[in-house]
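As structure tokens, the structure follows; a few thoughts come after it.
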Amino acid sequence: MSAISDKLQAVRDRIARAAQAAGRDPAEVALLAVSKTWPLTSVLDAAAAGQTAFGENYVQEGVDKAQATVDRNLEWHFIGPLQSNKTRPVAEHFAWVHSVDRLKIAERLSAQRPESLPPLQVCVQVNVSGEASKSGCRPDETLALCRAVAALPNLKLRGLMAIPEPADDEAAQRAPFRRLRELRDAVVAAGIPLDTLSIGMSHDLEAAVAEGATIVRIGTAIFGERNYA
């Protein structure tokens, strides 16, 4: 097996162990391979090992990969900050957007989603840690934004996403994930059906699964450390 294949299996095993420890079915947790900055060959290696869902942070890079793999039945998720002048290619080439943090972005995605494609699956991103450098709506804005997004055509609101401040201690990792889960539950209680919590990365997936993650976004543990130079 390739190195990527071995690493994918190791991540799947981590997800399974974390789910079992939390009394959950491992099938409830989907693995999103974050392939940003990695070449198409790495994506193809992962696809050959059975991975079908890939996450990208940069619009043009993601579009290029999606177009190059159009015949391979892969599912492309946009997970990075999205500027309003770049919504059209995302609406046209991605199946999911995890990083809707304001209504203007959702409105543009809705208007620009081709009628020939299924509804764009979206998550509202919440800044649960209150970091000035992070995208995401405020927790107290979440319900209103979810209501507005859920009413738009050509979009399907699926859930909430967060990228909390990194922490080494599991209890500290779990706290913001728990806040997001409680926000999700509050939105559901208000009558908006949600089934997705997009939380957890290579260093904290166990904490995320323990708090109800349904999608974990894993890059480094699959592809290796990134070189941004």
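All figures in this text were calculated on a predicted structure; none of them were measured in a lab.
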Practice problem: Find the distance between CD1 (Ile222) and OG (Ser35) and round it off to the nearest 0.5 Å. | Solution: 9.0 Å
Quiz item: For Glu225, does its backbone N or O pair with a side-chain atom of Thr220 as donor and acceptor, under 3.5 Å?
Solution: no
Quiz item: Atom CZ of Arg102 and atom SG of Cys137: how far apart are they, to the nearest 0.5 Å?
Solution: 11.5 Å
Quiz prompt | Side-chain donor or acceptor of Asn127 paired with backbone N/O of Gly136 under 3.5 Å | solution = no
Exercise. Look at the side-chain heavy atoms of Ile, Leu, Val, Met, Phe, Trp and Tyr, link any pair under 4.5 Å apart, and say whether Val100 and Ile192 land in one connected group.
Key: yes
Quiz item: Are side-chain N/O atoms of Gln173 and Asp169 paired as donor and acceptor at under 3.5 Å?
Solution: no
Quiz item: Does Gln121 reach the main-chain N or O of Pro119 with its side chain, forming a donor-acceptor pair under 3.5 Å?
Solution: yes
Quiz item: Does CG belonging to Asp168 count more than 12 external heavy atoms closer than 6.0 Å?
Solution: no
Quiz item: When rounded to the nearest 0.5 angstrom, what is the spacing between CD1 in Ile218 and NZ in Lys7?
Solution: 13.5 Å
Quiz item: Do Leu143 and Leu183 have side-chain heavy atoms sitting under 4.5 Å apart?
Solution: no
Self-check item: Presence of salt bridge, Lys36 and Glu56, under 4.0 angstrom
Solution: no
Practice problem: Verify, without hydrogens or angle tests, whether Asp204 (side chain) and Ala207 (backbone) share a donor-acceptor contact under 3.5 angstrom. | Solution: no
Practice problem: Please assess Glu182 against Arg179 for the test salt bridge (Lys or Arg N to Asp or Glu O under 4.0 Å), listing each intermediate value before the final yes or no. | Solution: CA-CA 5 Å; Glu182 291 167 350; Arg179 288 196 292 273; over 6 Å; no
Quiz item: Would you say the side chain of Arg12 lies within less than 4.5 Å of the side chain of Leu8, judging by non-hydrogen atoms?
Solution: yes
Quiz prompt | Over 12 foreign heavy atoms within 6.0 Å of CG, Asp140 | solution = yes
Quiz item: Where the side chain of Ser84 meets the backbone of Ile105, is there a donor-acceptor pair that is under 3.5 Å apart?
Solution: no
Quiz prompt | Pair Lys104 + Glu107: basic N to acidic O under 4.0 Å | solution = no
Self-check item: N/O donor-acceptor pair under 3.5 Å between Arg24 side chain and Val209 backbone
Solution: yes
Self-check item: From Glu165 atom CD to Lys134 atom NZ, the distance as rounded to the nearest 0.5 Å
Solution: 7.0 Å
Quiz item: Is any NZ, NE, NH1 or NH2 atom of the basic residue among Lys65 and Glu61 found under 4.0 Å from an Asp or Glu carboxylate oxygen of the other?
Solution: yes
Quiz prompt | Trp76 ring center within less than 6.0 Å of Phe94 ring center | solution = no
Self-check item: Asp64 and Gln60: CA distance, side-chain angles, deciding distance, side-chain hydrogen bond (donor to acceptor under 3.5 Å, both in side chains) verdict
Solution: CA-CA 6 Å; Asp64 289 346; Gln60 193 56 54; 2.8 Å; yes
Self-check item: Under 3.5 Å: donor-acceptor pair, side chain of Arg181, backbone of Glu211
Solution: yes
Practice problem: Mind checking the CG-NZ spacing from Asp195 to Lys156? Nearest 0.5 Å is all I need. | Solution: 7.5 Å
Practice problem: Scan side-chain atoms only and decide if Glu75 and Thr52 contain a donor-acceptor pair under the 3.5 Å cut-off. | Solution: no
Quiz prompt | Ile215 side chain near His98 side chain, heavy-atom distance below 4.5 Å | solution = yes
Self-check item: Hydrophobic cluster identity match, Trp38 and Val216, side-chain contacts under 4.5 Å
Solution: yes
Quiz prompt | Test log, rule side-chain hydrogen bond (donor to acceptor under 3.5 Å, both in side chains), inputs Thr87 and Gln112 | solution = CA-CA 8 Å; Thr87 51; Gln112 294 165 346; 2.6 Å; yes
Quiz item: Does any N or O in the side chain of Arg113 come within less than 3.5 Å of the main-chain N or O of Pro118, such that one atom is a donor and the other an acceptor?
Solution: yes
Quiz item: Hey, what do you get for CG (Leu157) to CG (Leu155), rounding to the nearest 0.5 Å?
Solution: 8.5 Å
Quiz prompt | Close side-chain approach of Ile199 to Thr214, heavy-atom, < 4.5 Å | solution = no
Practice problem: Give a yes or no answer on whether the side chain of Gln51 reaches the backbone of Ala53 with a donor-acceptor pair at less than 3.5 Å. | Solution: yes
Quiz item: Does Met161 belong to the same Ile/Leu/Val/Met/Phe/Trp/Tyr cluster as Val122, with side-chain heavy atoms less than 4.5 Å apart forming each link?
Solution: no
Self-check item: Joint cluster assignment, Leu103 & Leu194, ILVMFWY side-chain distance < 4.5 Å
Solution: yes
Practice problem: State whether the side chain of Gln9 and the backbone N or O of Ala49 hold a donor-acceptor pair below 3.5 Å, judged by distance alone. | Solution: no
Quiz item: Going only through I, L, V, M, F, W and Y residues with side-chain contacts under 4.5 Å, is there a path from Val149 to Leu197?
Solution: yes
